[in-house]
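Counting from 1, the numbers follow the sequence of the chain as shown. The shown structure was predicted, so the numbers you read here are calculated from the model rather than taken from an experiment. Excluded from the calculations below are hydrogen atoms, water molecules and symmetry mates; all remaining heavy atoms, backbone and side chain alike, are included.
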Amino acid sequence: MRVAVLQSKGGVGKSYLVKLICLYVEKTGALTHFFDLDNASSSLFNYLSSLGQKKSDKVKITRYNLLSDDKRIDRSKFDVFLEKIGKLENVAIDFGAASSEQIYYYLKEESQNGIMELLEEYNIKLLVVVCGGPSAKECVDFYNDIMSIPGADRIVYVVANEFSGGINGKSVKDACNAHIQ
């Protein structure tokens, strides 16, 4: 399992989803590496750190910064990061809203250089959290932006957060599957 959770809208459940993955891992007993790439709040790192030594043998948490001084994805940092996670069995990555936006731009820019194929080769799944209610438009717009990148359809999956309601009278999942804009 290698998953990266992203969405450029804050407060939609990215870190919460990764926390749920953490709880699942605890029950299975598998060693899992969690990477917090949310440079604004590091909520995943803070949550997992607060659990203390109880999970330290099966859960490894690392804060990681892929951004350069100009707040864009740094190619050399990203390459090192991919190499690192490519050697690990179980990885869950929490991108913050700002980092999610930057990874989108990076993937779009690098799509002609085979970045999506490289992520696919490393068996990395991109989980885009989409919720309904007042955040729906921003969430769906980001999802559609990600899906516009060539090759995204092979590695991008929607995680529908139905807590705030649906989108245009449909469930979040159905709205995304129909590519409602």
Side-chain angles (χ1 to χ4, degrees), residues 1-28 30 32-48 51 59 61 66 73 85 90-108 110-111 115-181:
M1 167 196 78
R2 291 187 192 103
V3 296
V5 179
L6 54 150
Q7 175 52 258
S8 66
K9 175 72 178 108
V12 298
K14 294 178 295 292
S15 297
Y16 183 70
L17 175 60
V18 179
K19 289 174 193 176
L20 291 176
I21 294 169
C22 177
L23 293 173
Y24 174 77
V25 167
E26 178 186 26
K27 290 183 187 270
T28 66
T32 301
H33 298 267
F34 291 90
F35 292 92
D36 190 331
L37 278 66
D38 184 351
N39 299 323
S41 70
S42 295
S43 60
L44 177 68
F45 181 83
N46 294 333
Y47 168 75
L48 293 177
L51 298 177
V59 174
I61 177 69
L66 294 177
I73 298 294
I85 65 173
N90 295 305
V91 176
I93 304 163
D94 180 16
F95 279 94
S99 298
S100 290
E101 187 172 325
Q102 290 307 313
I103 198 67
Y104 158 70
Y105 292 127
Y106 182 81
L107 295 174
K108 184 177 177 182
E110 294 298 316
S111 65
I115 189 64
M116 299 308 270
E117 291 79 6
L118 183 61
L119 294 177
E120 187 175 24
E121 182 181 315
Y122 279 122
N123 198 26
I124 297 170
K125 308 289 187 242
L126 302 180
L127 307 181
V128 178
V129 178
V130 176
C131 68
S135 299
K137 180 170 178 8
E138 289 175 79
C139 288
V140 172
D141 286 350
F142 182 77
Y143 168 75
N144 286 332
D145 287 345
I146 290 285
M147 291 305 291
S148 73
I149 300 171
D153 59 324
R154 295 189 308 271
I155 64 169
V156 174
Y157 299 85
V158 172
V159 176
N161 179 349
E162 305 280 354
F163 184 76
S164 297
I167 301 172
N168 296 337
K170 295 184 177 187
S171 74
V172 172
K173 181 181 177 207
D174 290 343
C176 287
N177 286 338
H179 298 281
I180 301 239
Q181 298 189 24

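Screening L66, V18, D38, V5 for a side-chain contact (heavy atoms from CB on, under 4.5 Å) with F95, the sole residue that qualifies is L66. When each of L20, D36, D94 is tested with S15 by the rule side-chain contact (heavy atoms from CB on, under 4.5 Å), just one qualifies, namely D94.
Atom CD1 of I115 and atom CD1 of I73 lie 10.5 Å apart (nearest 0.5 Å). Here the CG-CE distance, from D145 to M147, works out to 11.5 Å after rounding to the nearest 0.5 Å.
No donor-acceptor distance shorter than 3.5 angstrom exists from the side chain of S8 to the backbone of E101, with no hydrogens or angles considered. Distance alone, capped at 3.5 Å, is enough to place a donor-acceptor pair between the K14 side chain and the K9 backbone.
Residue-environment remark: OH (Y106) exceeds the threshold of 12 foreign heavy atoms within 6.0 Å. For K108, the NZ atom is loosely surrounded, since the number of other residues' heavy atoms within 6.0 Å does not exceed 12.
Y24 has its side chain out of reach of T32: every pair of non-hydrogen atoms, C-beta onward, lies at least 4.5 Å apart. Counting heavy atoms from C-beta on, the side chains of L107 and L126 come closer than 4.5 Å. For the pair Y122/I85, no side-chain contact is recorded, criterion being any heavy-atom separation below 4.5 Å from C-beta on. With contacts defined as side-chain heavy-atom distances shorter than 4.5 Å, the pair M116/P150 does not qualify. Here the side chains of L6 and F142 are in contact, with some heavy-atom distance below 4.5 Å. Considering only heavy atoms from C-beta on, M1 stays 4.5 Å or farther from K125 through its side chain. Considering only heavy atoms from C-beta on, I124 stays 4.5 Å or farther from I155 through its side chain.
Heavy atoms only, all atoms of each residue included: I149 and S111 are closest at CG2-CB, 3.7 Å.
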